[in-house]
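Here's the structure, in structure tokens; my notes come after.
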Amino acid sequence: RIDGYTVSSIGTRAFVGNSRLRRVELPDTLKTIKEYAFSSCTRLLQIEIPSSVVEIQHHAFSECPRLGAVSIPENGKLTTIGDYAFQECGSLLRMDLPAMLQSVNATAFFKDNSLKKITISEKNTKYDADGEALYQKQDKRTLVCYVPGKSGQYVVDDSTESIGKYAFAYSRLSGVTLPDGLTKLENYSFVSSRIEKITIPEAIEAIPEGCFNECNNLQTVSLGKNLTSIGEYAFTNCQNLEEVQVPKENNIQSIGMNAFYACVKLNNIDFIKSKVSTIDSGAFAACYSVKKVTLPKTLKVLGDRTFVSCYNLETVVFEDGIGLDKLREWTFNGCEALKNIVLPEGLQEIGEDCFLVSGLEFIHIPSTVTNIGYGAFGHCLSMKKIEVDNGSKNYKTIDNVLFKLNDKGEPAILHTYPAGLEGEYKVPDEVTEIAESAFYAANKLTNITFGQNLQKIGRYAFRYISSLTSL
């Protein structure tokens, strides 16, 4: 009691950051330990939770690096352990959970790198444990959490249907075997784990958001034939991923935003060639080892920045009959090894900076293209030639320079001057406008003469030109 009052809760941030606190004796009247109550108590060594406590709220003991022992009575009243409650308690070796516990998830023990054992009372009706993993046994059997400090291999229980959110996050395991009956992986279930290889069971239809994000030891992934989608950030920054194996007949239809971003050793992405209809923004950005991409005829949406900074990409093939009508901004930006590309018939739009700083030497634009964004072919230092289909009503080239036509079919806007052209240039008298980024990095241009009807020069029109001596 304090001043005659019964203590029933420890308030929010009550002892947060107390670097002197080593031991705490909690009263048997206590019911709630609120959020951040003992967070960052860097010298706290142990804690005994009274049997009266019903709830430990989120972050209550987070970042207590010396907390090596937590005692919870088996037959106490504790029902809830909040998110991140014992996060980054690096000295915690084991956790014994009580009979009445009804709510806990993997984040409660996030980054507890010494935690090697977890148990739960046999009287608990919702959960069970095998010493290494905590499972939810009600409804769909789910692996809720695996101890972060255990290394080696682990075989998931055969009756498991789902792997919970963050279940293997930051795990030291080198391998996990998933059961054939597994039907669901939840978001970030293996994030930053040390697994080296994973086989996705055939019953899995989706790899969700961030599932294998930053698994830097992951080298090989085998996908099941029923997989239809790979979610955003699913394999982001898997820097040692070299191979994605798929069955000859597979059903992959969508690849999410940044799904394989910075998978720098991944050199074959033929798994997109089957039924893929959507590849979202940045899906293969910074995949430095990819040299060839074949985009299937089923593809309808190719997101912006999809292949940005794929420095070694040499070949892009659009399958006959592809329904793609738009290349978005920055799609092939920084693809320095890409010297030639045949754009598909039916393409209507090429986004801003789409091929910026690429290695293109030549581009042929189909007659179906109605809009080309500013800087689409900017800073392509090897480009010397642009062609447009004769049937185009929107664009034409004169002496390899690209112009946008006005309603009368006249070359009213100078859109792109190929950066690889050398010498002097005179802007035609019909031109009334020089577009934004039109002469971007045209470093071999020595002199330019403007036409007599020129009225407007867009921003960045002559950016990064050091060779120009006179206007």
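Positions are given from 1 along the sequence. For clarity, every value in this text was computed on a predicted model and none was experimentally measured.
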Taking it one step at a time, do Glu387 and His364 satisfy side-chain hydrogen bond (donor to acceptor under 3.5 Å, both in side chains)?
CA-CA 5 Å; Glu387 283 186 356; His364 180 89; 3.1 Å; yes
Candidate pair Glu161 and Arg141, rule salt bridge (Lys or Arg N to Asp or Glu O under 4.0 Å), full reasoning:
CA-CA 5 Å; Glu161 299 177 65; Arg141 184 163 174 77; over 6 Å; no
What verdict does the side chain to side chain contact (heavy atoms under 4.5 Å, CB included) test give for Leu343 and Val369, after you've listed the backbone C-alpha separation in whole Å, the side-chain angles of each residue and the deciding distance to 0.1 Å?
CA-CA 10 Å; Leu343 301 178; Val369 173; 5.6 Å; no
Can a side-chain donor-acceptor contact be found between Gln245 and Ser222 if the only test is distance below 3.5 angstrom?
yes
Just by modelled atom types, is the Gly17 backbone N or O under 3.5 Å from a matching donor or acceptor in the Ser40 side chain?
no
Looking only at the side chains, is there a donor atom on one of Ser62 and Ser39 sitting less than 3.5 Å from an acceptor on the other?
yes
Taking NZ in Lys137 as the centre, count heavy atoms belonging to other residues, nucleotides or ligands within less than 6.0 Å. Is the count above 12?
yes
Approximate separation, where rounding is to 0.5 Å, of Leu173 CG and Lys150 NZ
9.5 Å
Residue pair Ile204 / Leu178, side-chain heavy-atom distance below 4.5 Å:
no
Passes side chain to side chain contact (heavy atoms under 4.5 Å, CB included), Leu266 versus Phe235? Steps please.
CA-CA 11 Å; Leu266 184 63; Phe235 294 95; over 6 Å; no
So, does Asn251 use its side chain to make a donor-acceptor pair with the main chain of Thr228 at under 3.5 Å?
no
Test: Asp83 and Lys165 ion pair at under 4.0 Å
no
Is the shortest heavy-atom distance from the side chain of Ser174 to the side chain of Gln153 under 4.5 Å?
yes
Test applied, ring pair (Phe, Tyr, Trp, His ring centres under 6.0 Å); reference residue, Phe260; option that passes from Tyr233, Phe284, Phe307, Tyr288
Phe284
Is the side chain of Thr370 donor-acceptor paired with the backbone N or O of Gln348 at a distance under 3.5 Å, no angle test?
yes
Is any side-chain heavy atom of Cys310 closer than 4.5 Å to a side-chain heavy atom of Cys335?
yes
Check step by step if side chain to side chain contact (heavy atoms under 4.5 Å, CB included) holds for Val316 and Leu295.
CA-CA 8 Å; Val316 177; Leu295 299 173; 4.3 Å; yes
All heavy atoms of Ser19 vs all of Arg43, minimum pair found to be O-CD, 3.0 Å
Any Ile252 side-chain heavy atom under 4.5 Å of Ile272 side chain:
no
May I ask you to test the Thr160-Leu182 pair for a side-chain heavy-atom distance under 4.5 Å?
yes
Start with the C-alpha distance between Leu223 and Ile207, add both sets of side-chain angles, then the distance that settles side chain to side chain contact (heavy atoms under 4.5 Å, CB included), and finish with yes or no.
CA-CA 10 Å; Leu223 305 179; Ile207 296 177; 3.7 Å; yes
Mind telling me whether Phe168 and Tyr154 have parallel, tilted or perpendicular rings, with 30° and 60° as the class edges?
tilted
Sub-4.5 Å side-chain heavy-atom contact between Leu97 and Tyr127:
no
d(Cys238 SG, Glu214 CD) to nearest 0.5 Å is 8.5 Å
State, yes or no, whether a side-chain contact exists between Thr294 and Lys292 at a heavy-atom distance under 4.5 Å.
yes
Under 3.5 Å donor-acceptor, Ser114 side chain and Gly90 backbone:
yes
When every non-hydrogen atom of Ile56 is compared with those of Ala85, the smallest separation belongs to CG2-CB, 4.2 Å
Nearest heavy atoms of Asp112 and Ala108, plus distance in Å:
OD2-O, 4.4 Å
Counting the benzene-type ring for Trp, do Tyr170 and Phe110 have ring centres under 6.0 Å apart?
yes
Neighbour count >12 (heavy atoms, 6.0 Å) for atom NZ, Lys126:
yes
Please report whether the ring centroid of Tyr84 lies less than 6.0 Å from that of His58.
no
Pairwise distance CZ(Phe377) to CG(Asp353) - rounded to 0.5 angstrom:
11.5 Å
In Å and rounded to the nearest 0.5 Å, what is the OG1 to CG distance from Thr278 to Leu299?
7.0 Å
If we ignore hydrogens and angles and just use 3.5 Å, is the side chain of Asn18 paired with the main-chain N or O of Leu21 as donor and acceptor?
yes
Are any side-chain N or O atoms of Glu319 and backbone N or O atoms of Pro296, one a donor and one an acceptor, separated by less than 3.5 Å?
no
To the nearest 0.5 Å, tell me how far Cys215 SG sits from Arg194 CZ.
11.5 Å
Looking only at heavy atoms, which two atoms of Val293 and Leu313 are closest? And how far apart?
CG2-CD1, 3.6 Å
For Glu48, I'd like to know if atom CD has over 12 heavy atoms of other residues, nucleotides or ligands within 6.0 Å.
no
Ser52 and Asp28: side chain donor to acceptor below 3.5 Å:
no
Return yes if some donor-acceptor pair links the side-chain N/O of Thr306 with the main-chain N/O of Ala283 below 3.5 Å, else return no.
no
Has Phe38 got more than 12 heavy atoms of other residues, nucleotides or ligands less than 6.0 Å from its CZ?
yes
Between Val276 and Phe271 the two heavy atoms that sit nearest each other are CG2-O, 4.4 Å
Residues that Ser281 engages under side chain to side chain donor-acceptor pair (under 3.5 Å), provided they are two or more places apart:
Asp304
Could you check whether any side-chain N or O of Ser382 sits under 3.5 Å from a backbone N or O of Leu360, counting only pairs where one atom can act as donor and the other as acceptor?
no
Closest contact, heavy atoms only, Met95 versus Ile72
SD-CD1, 4.1 Å
Heavy-atom check, side chain of Arg328 versus side chain of Val301, under 4.5 Å:
yes
Exceeds 12 heavy-atom contacts within 6.0 angstrom, atom NZ of Lys140
yes
Does any N or O in the side chain of Thr29 come within less than 3.5 Å of the main-chain N or O of Val7, such that one atom is a donor and the other an acceptor?
yes
Working to the nearest 0.5 angstrom, can you tell me the gap between Tyr36 OH and His59 NE2?
3.5 Å
Could you check whether any side-chain N or O of Asn240 sits under 3.5 Å from a backbone N or O of Asn216, counting only pairs where one atom can act as donor and the other as acceptor?
yes
